[in-house]
Each structure stands twice: as C-alpha cells, then as structure tokens.
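Report on the structure given below.
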There are 2 protein chains.
Amino acid sequence: MNASGQHTTARPGPRSGPVRLADVAAAAQVSPALASRVLNGDPAARAAPATKARIVEAAARLGYVPNVAAKSLRVSRTGLIGLVVHDLSSPIYLELMRGAREEAARHSYFLVLGDVDELLDDDDAFRIFISGRRVDGIIMQGGHSELDLRIGDIAQALPTVVVNAPTEVDHEGATQVFPDEPAATRLLTQHLIELGHRRIGLVSGPRQSMTNRLREEGIVSALDAAGLELREDDRVHGEWSADGGRAGVDELVRRWGPGTDRPSALIAGNSLIGIGMLGAVGRHGMVVPRDLSVAAVHDTWINEHLAPSLTAVSLPLHEVGTVAVKTLLAGTNGDRLTLSDPPPVLHRRASTGARPAG
Amino acid sequence: MNASGQHTTARPGPRSGPVRLADVAAAAQVSPALASRVLNGDPAARAAPATKARIVEAAARLGYVPNVAAKSLRVSRTGLIGLVVHDLSSPIYLELMRGAREEAARHSYFLVLGDVDELLDDDDAFRIFISGRRVDGIIMQGGHSELDLRIGDIAQALPTVVVNAPTEVDHEGATQVFPDEPAATRLLTQHLIELGHRRIGLVSGPRQSMTNRLREEGIVSALDAAGLELREDDRVHGEWSADGGRAGVDELVRRWGPGTDRPSALIAGNSLIGIGMLGAVGRHGMVVPRDLSVAAVHDTWINEHLAPSLTAVSLPLHEVGTVAVKTLLAGTNGDRLTLSDPPPVLHRRASTGARPAG
DNA sequence: CTGAAAGCGCTTACAG
DNA sequence: CTGAAAGCGCTTACAG
C-alpha cells in the first residue's frame with residue numbers, strides 16, 4: 001500500500017505452530033517485551049490504555065497461550081508441586097490430596113504425582129523428580145522409614161513439606177504439617193469413658209511410628225485423667241490397613257479366651273483398621289456395640305454407611321493439604337506446624353454404646 | 001603451572017547454580033554436543049569408549065541432572081501426562097490412577113492432576129492445561145456431560161484418551177478405553193440366577209449415562225438368556241454414590257409396600273452404591289442375604305471387610321489406566337478399545353445366597 | 001564421527 | 001516508559 005508496496009502487505013503467512021508471544025506483539029504492533037509486560041500485569045508497564053487493550057485483544061484473538069517450558073527455563077519456576085504418596089490405593093489421603101490440589105490450583109499450580117517406593121527404587125526417577133527442577137517444591141507423606149532418612153537431602157535440593165506423619169527428628173529445612181493427633185484420640189477416648197467404659201483397648205499401626213505414638217498419647221492422657229490406664233495386653237500393633245484391623249481383633253480374641261475379663265470398647269488406630277475390626281468382631285460372634293464398642297480415627301464417608309455405622313473422630317486432612325501447599329509457596333522453612341483448626345470433631349454413630357451391664 | 005601460569009590453575013571457580021551440561025562437557029573435555037549425545041544414548045555417537053566413559057563419569061561425579069524445562073523447550077515434549085478426574089474423593093478410580101501412574105513411570109513420564117470442574121470453571125487453567133504445552137497428552141474420565149462436549153476440541157489440541165466412561169459419540173481423534181461393562185454385569189446376573197433368583201432389581205447411576213446403559217445391557221442379556229426380565233419397577237437410578245445406594249433402597253422399599261411380591265436380589269451399579277445399599281437394607285430390618293441378596297459392580301478391598309462381605313465383579317481398572325497411558329504414548333488415535341483382558345471376575349461373598357424358599 | 005552455531009519461546013537487566 | 005539484546009540450558013541440523 002505504501003511507496004515500496006512491500007511492508008504492509010507482505011506480512012508473513014500465518015505460522016503453522018502455536019501462537020507465540022512474538023505473534024501477539026506483531027499483531028499489536030509493539031515489542032515482545034512490552035507484550036510480555038502487559039500480559040503479565042507488570043505494574044511498571046504504563047503503556048497507553050489503548051495500547052494495552054490492543055495487546056490483550058490480539059492475544060485473545062490469536063488464542064495465545066504462553067509456552068510453559070520457555071517461561072520455566074527463563075524464570076526457573078515450573079508451576080508444579082510434587083506430591084509424593086505412599087500408596088495410591090489408600091483412600092485416607094484422598095482428602096489430603098484434594099486439599100493440596102485445590103490450594104495449588106488457587107495459585108495456578110498443578111500437582112505432579114510421585115510414588116515413594118518407585119522414587120526410592122529408581123535412582124534416575126528420584127534425581128529427575130528432586131533435582132531436575134521438574135517441580136518447584138515437594139510435599140511428601142512422612143512415616144515411611146526409608147524415605148524419612150532422605151528428607152534432609154531432599155529438603156536441601158528443594159522446598160519440602162512433610163505432611164501428616166511427623167518424623168523422629170527435625171530435618172534441616174523441611175517443614176512439617178500434621179493434625180493434632182493426641183487431641184483427636186483424646187476426644188475419642190473421652191467419648192468412650194462417658195459411655196461408661198472403663199477398660200479400653202487399641203488396634204493400631206506400627207508401635208514405634210510417630211503417628212501411633214501420638215495417637216496413643218491422646219488415649220493415655222484421657223484415660224489417665226479418668227484414673228484409668230491403657231493396659232499392655234489390650235493393645236495390638238500391626239498394619240495400617242483393614243487386614244491389620246482384622247488381625248488385631250483376631251489377636252485380642254485369642255488373648256481373651258473364654259470367660260476372661262476383657263475391654264468393653266476398642267479404638268481403631270485409623271479408618272481402615274476400623275473397617276477391618278468391624279467385620280472381624282462380627283465374625284467372632286460379637287455384636288457391636290452390644291458386646292463391644294468400636295470407635296476409629298478418621299472420619300470418612302464410608303463410616304456412615306457401614307453396619308453398624310462407625311463412630312469416628314475427624315482429622316483436618318483437607319487442611320493439612322491446603323496448609324502444606326500454602327507453606328510451600330510462602331517459602332516458610334523448617335517449622336513444625338500442628339494444625340488445630342478445624343479441631344478434631346467426634347461423630348457419634350451406632351458402633352459405640354453404653355458399657356454392657358455385665 | 002605452565003609457562004603462562006594461568007590456564008591450568010585459573011579454572012573458573014565452581015559455578016554456584018546447578019550443574020549444566022556445559023559443565024559436564026568441560027570436565028570431560030568434549031563439546032556439549034557430544035556430551036548430550038552420549039548421555040542420551042544417541043547410537044550415532046560412536047566416540048571412543050574411553051571418551052564416553054569420561055563423559056558419563058563426569059556427569060555422575062558432578063551430579064548432573066538435565067534441566068527439564070530447557071529440554072522441553074528444545075524438543076517440545078514435557079514428559080508429563082495430564083490426568084483429569086471428576087472427583088478426587090471417590091476411591092473407585094484410585095486403581096485406575098495407580099495403573100496410569102505406574103505405566104507412566106515405566107516410560108519416565110509423570111502424571112499431573114487436573115480436576116474436571118475446575119478446568120471447566122477456570123478458563124485460564126483450562127487453556128494452560130490443554131494448550132499451554134504443559135502436558136504431552138491427556139487422560140480424562142468420560143461421563144461428565146459438560147466436559148464430554150469439549151472432548152473434540154481437546155483432542156484437537158492434544159493427544160487425548162477418554163477412559164472408563166464411553167461417550168455418546170466418537171470424538172475426532174480421541175481414543176476411548178474402557179472395560180467390558182456388559183460382560184461384567186452379565187457375570188453378576190448369571191451368578192444370581194444360578195442361586196435361584198428369578199426377579200432381580202437394580203440400583204444404579206444416571207439412567208442415560210453410557211456406563212449405566214452398558215451395565216444394564218449385560219444384566220438384561222443374562223436375564224433374557226434365562227427367560228427372565230429386568231422389570232421397570234425394579235430399577236432405580238440416581239447418584240453413583242453410597243448416598244445414591246441408600247436412596248435407591250429406600251425408594252424400592254417404598255414401592256414394595258407390605259406383602260407385595262418383590263425381587264429377591266439386587267444389583268448395585270457400582271461399589272459405592274453397593275456400600276450404601278448394604279447399610280440401607282439393614283436399616284429396613286432386612287437381613288442380607290437371607291431376605292435379599294446384594295451384588296455389586298467393582299471389586300474393591302472394602303468389599304471383603306463389609307458385614308456381610310459384598311459379592312462383586314471386578315473390572316480391570318488398573319489395566320484401563322495402563323492401557324490409556326500406553327495408547328497415549330504410542331500415538332494411537334481415534335480408536336475405541338474395550339478391554340477384555342483380564343476379564344471380569346466374580347468374587348462370591350456373603351452378601352449373595354440362595355433365593356429364600358418363600 | 002564431532003563441534004560450532006543456531007534456536008526453542010520466553011523475560012528482564014540494560015540502554016535510550 | 002519502551003525496545004533491542006542477551007540468555008535461561010538444552011538438542012540437532014549443518015558443516016567439516
């Protein structure tokens with residue numbers, strides 16, 4: 001159109017690939033630099049409103065979506081958080097994952113799934129995940145003895161938050177976030193005491209695990225306040241699973257023998273154990289709660305649908321997930337956060353009742 | 001040390017940041033190009049074994065981990081697969097997620113979690129996830145009406161595999177992977193027929209959902225082969241949840257009224273519904289399986305621990321996950337794969353029994 | 001076969 | 001305030 005007749009009409013044909021920032025800039029007749037600043041809301045960019053509008057409009061019209069890899073390379077941020085879980089088949093931590101995912105989304109972050117065992121087995125995967133700047137930070141479930149040993153190393157390479165299961169020792173730089181476990185089991189125990197139970201047993205996970213110890217601590221303190229105790233022969237430790245719950249009840253029944261005095265109520269160390277216990281108690285010919293009350297840690301949707309429905313105390317797992325992400329993104333470091341908000345809540349259901357008169 | 005005294009001793013101080021390919025190359029005294037080729041196992045790189053060893057050794061010694069962002073930018077591959085799920089609180093698809101994660105890991109891929117509703121609500125998130133080259137491909141659960149409508153668009157932007165819930169129509173370019181639903185419910189129904197049941201009811205998810213239709217198809221065909229039918233008034237459709245199961249039983253009981261003839265067995269459209277049904281049946285004063293047999297689709301670990309334990313047919317969800325990833329990475333396109341390996345397996349448990357004599 | 005060079009698409013000191 | 005230029009760390013045609 002102009003004198004030379006070239007520059008205005010001879011615009012390069014539409015590029016085949018995805019729209020780049022340069023395309024937007026060209027369309028809006030500004031430099032890529034300015035386009036970048038405006039699109040990213042840089043306050044220093046005080047272009048004329050009309051110019052800004054032109055850039056935004058061009059981006060929208062062309063369907064511009066920033067190339068994440070290029071951005072990452074430039075700013076050394078991936079927009080990803082690694083979530084390392086023990087076992088993707090346990091529903092207990094779904095709520096935690098959910099909380100973490102939601103909070104991440106609020107910050108325009110996405111979650112990348114890692115598996116503890118795989119990461120430990122595959123050195124390459126471990127290195128890529130941890131040191132390959134594949135993620136900006138990592139949230140991992142504590143309580144896995146082998147992985148716990150490496151938390152220090154991991155935290156050195158990457159912002160790290162350990163959730164849920166506190167570890168023995170503090171780890172240089174790793175933040176820990178977990179629910180107030182003793183408060184939860186205290187509540188559960190008090191409920192049973194109020195129902196008249198004087199001897200209360202426990203089926204839980206590995207005895208030495210921090211999680212078990214904290215949960216026992218709450219039980220013992222509540223019993224203690226009532227002048228009662230958690231007897232050595234009334235506790236069984238095993239797996240954190242329904243099978244563990246079943247095995248625990250089997251073991252207790254074996255110990256009791258016929259005619260012996262026995263606890264009138266049992267606490268399940270977690271929700272899976274509780275489910276297993278309920279089934280096992282029935283199989284031994286006892287009726288819950290008439291013969292034995294059962295109450296569990298973790299309030300999941302299943303509890304309400306079990307027969308009998310399972311009394312349980314809720315743990316703020318959703319919050320653990322959100323707080324873990326917040327902490328990670330805030331760059332807080334090395335703290336140990338015990339979540340007390342929301343506090344554990346007792347959900348009374350059909351599996352707990354008054355101590356039998358006998 | 002040499003004449004000039006500079007070049008040998010004045011090696012640049014160790015760079016502060018992470019080790020780059022250039023550092024490895026320098027340490028091994030080769031070009032970055034060769035280092036890249038050797039480290040990536042490029043068969044064209046036929047350097048002397050000693051040279052190769054030097055490169056590998058240098059990489060190991062320096063703890064070199066490739067920068068994922070730089071690699072991505074260069075090769076236009078992220079090494080990530082997006083997994084878009086409906087509801088991170090449903091345990092049913094954990095097995096699918098697990099299968100997908102494992103298969104992804106085998107190919108050195110990681111999974112990024114997306115949420116259907118969030119992606120639909122947040123246009124930015126949707127665009128970044130789908131078009132930002134944030135992931136190399138996407139696996140999404142079908143059966144979400146709103147998202148199903150956009151499958152075509154998504155598949156156009158990205159290799160897409162729809163799992164589990166087949167959609168109404170085929171989508172240009174999207175592969176679908178799902179279990180053999182009719183085979184599963186056929187097995188379940190045949191089991192009940194063999195137990196002597198002649199009238200069998202159903203509590204399932206939304207009537208028009210493809211998943212429900214396929215599951216009904218199997219039931220009807222098995223009944224048909226035995227000269228029986230699925231009566232209109234013996235089926236209830238609602239949510240795919242335990243609450244849905246409970247509501248379904250409530251509704252059926254209401255319909256039956258006192259003294260009426262009624263089905264002697266019910267099929268649960270999925271595992272959550274089955275759990276809800278078991279609880280509800282008990283609450284209505286009926287004993288399973290004496291008064292009513294219950295059998296469900298999906299064999300999860302919970303079934304065994306319910307009271308009574310729940311008869312169920314397994315679906316190859318783990319395989320759906322692995323096949324989805326394989327398909328995605330193989331670049332296969334536009335097929336509809338019905339998985340028949342492993343075939344559905346019936347797990348007989350205590351919730352199904354012979355038809356009462358009455 | 002190997003190396004020098006270009007370039008993936010961004011952002012951001014730096015100069016104007 | 002804006003633009004030209006450099007550079008994030010890789011890989012890969014291209015030339016030798």
Side-chain angles (χ1 to χ4, degrees), chain A residues 12 15-55 58-59 62-79 108 127-128 131-134 136, chain B residues 12 15-55 58-59 62-79 108 127-128 131-134 136:
Chain A
R15 264 199 5 128
S16 54
V19 181
R20 299 155 308 161
L21 182 64
D23 301 324
V24 175
Q29 305 179 68
V30 296
S31 70
L34 184 57
S36 170
R37 289 193 256 250
V38 168
L39 257 20
N40 287 315
D42 182 341
R46 277 192 266 160
T51 312
K52 285 194 180 181
R54 218 168 55 237
I55 295 171
L62 299 177
Y64 170 66
V65 183
N67 180 312
V68 187
K71 192 169 201 154
S72 287
L73 178 56
R74 186 55 234 245
V75 304
S76 305
R77 250 185 15 103
T78 62
S108 303
R127 277 169 35 227
I128 291 176
S131 327
R133 279 132 294 170
R134 177 67 36 269
D136 295 336
Chain B
R15 263 203 1 131
S16 53
V19 180
R20 301 155 306 161
L21 183 63
D23 301 324
V24 175
Q29 305 180 65
V30 295
S31 71
L34 184 56
S36 170
R37 290 194 255 250
V38 169
L39 258 19
N40 286 316
D42 182 342
R46 277 193 266 161
T51 311
K52 285 193 180 179
R54 220 167 54 236
I55 295 171
L62 299 177
Y64 170 66
V65 183
N67 181 311
V68 187
K71 190 168 203 155
S72 288
L73 176 57
R74 187 55 234 246
V75 304
S76 305
R77 250 186 13 102
T78 63
S108 303
R127 278 171 33 227
I128 291 176
S131 328
R133 278 133 294 170
R134 163 88 26 264
D136 295 336

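Reminder, nothing fancy here: chain letters follow the sequence lines and each chain counts from 1.
- The CZ-P distance, from A/R134 to D/dG9, rounds to 17 Å in whole Å.
- The interatomic distance linking A/Q29 (CD) with D/dG3 (C1') rounds to 15 Å, in whole Å.
- Proximity of a side-chain donor or acceptor of B/R134 to a complementary backbone N or O of B/T78 within less than 3.5 Å is not detected.
- Between the C1' atoms of C/dG16 and C/dT12, the separation comes to 16 Å (whole Å).
- Nearest-nucleotide assignment on DNA chain C puts the 5′-proximal partner with B/V30, out of A/A70 and B/V30.
- Applying the salt bridge (Lys or Arg N to Asp or Glu O under 4.0 Å) test to A/R127 and every residue at least two apart in sequence or in another chain returns A/D124.
- Summarising the geometry, the separation between CG on A/D23 and P on C/dC10 is reported as 8 Å, rounded to the nearest angstrom.
- Where DNA chain D pairs in unbroken runs of 3 or more (Watson-Crick or G-U, both distances under 3.5 Å), the stems are C:1-3 with D:14-16, C:5-12 with D:5-12, C:14-16 with D:1-3.
- Following rounding to the nearest Å, B/R20 (CZ) and D/dC8 (P) show an atom-to-atom distance of 7 Å.
- Residues meeting the side-chain hydrogen bond (donor to acceptor under 3.5 Å, both in side chains) test with B/S72, sequence neighbours left out: none.
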Can you list the steps and then say if A/K71 with A/V68 is a side-chain contact (heavy atoms from CB on, under 4.5 Å)?
CA-CA 5 Å; A/K71 192 169 201 154; A/V68 187; 5.6 Å; no
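- In this structure, A/K52 places its NZ atom 11 Å from C1' of D/dC1, rounding to the nearest Å.
- Here the options are A/D23, A/I55, A/V19, the test is side-chain contact (heavy atoms from CB on, under 4.5 Å), and the partner is A/Y64; only A/V19 passes.
- Summarising the geometry, the separation between CG on A/N67 and C1' on C/dG7 is reported as 13 Å, rounded to the nearest angstrom.
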What string of B, S and - do you get for nucleotides 11-16 of chain D 5' to 3' if you count protein non-hydrogen atoms under 4.0 Å?
BBB---
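- Taking B/A70 as the reference, A/L73, B/N67 meet the side chain to side chain contact (heavy atoms under 4.5 Å, CB included) condition, with sequence neighbours excluded.
- Between the side chain of A/R20 and the main chain of A/P18, no donor-acceptor pair closer than 3.5 Å is present.
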Show me, pair by pair, the donor-acceptor contacts under 3.5 angstrom made by side chains of residues 29-38 of chain B, not counting sequence neighbours?
{"residue": "B/S31", "atom": "OG", "partner": "B/A33", "partner atom": "N", "Å": "3.4"}
{"residue": "B/S31", "atom": "OG", "partner": "B/L34", "partner atom": "N", "Å": "3.1"}
{"residue": "B/S36", "atom": "OG", "partner": "B/N40", "partner atom": "ND2", "Å": "3.4"}

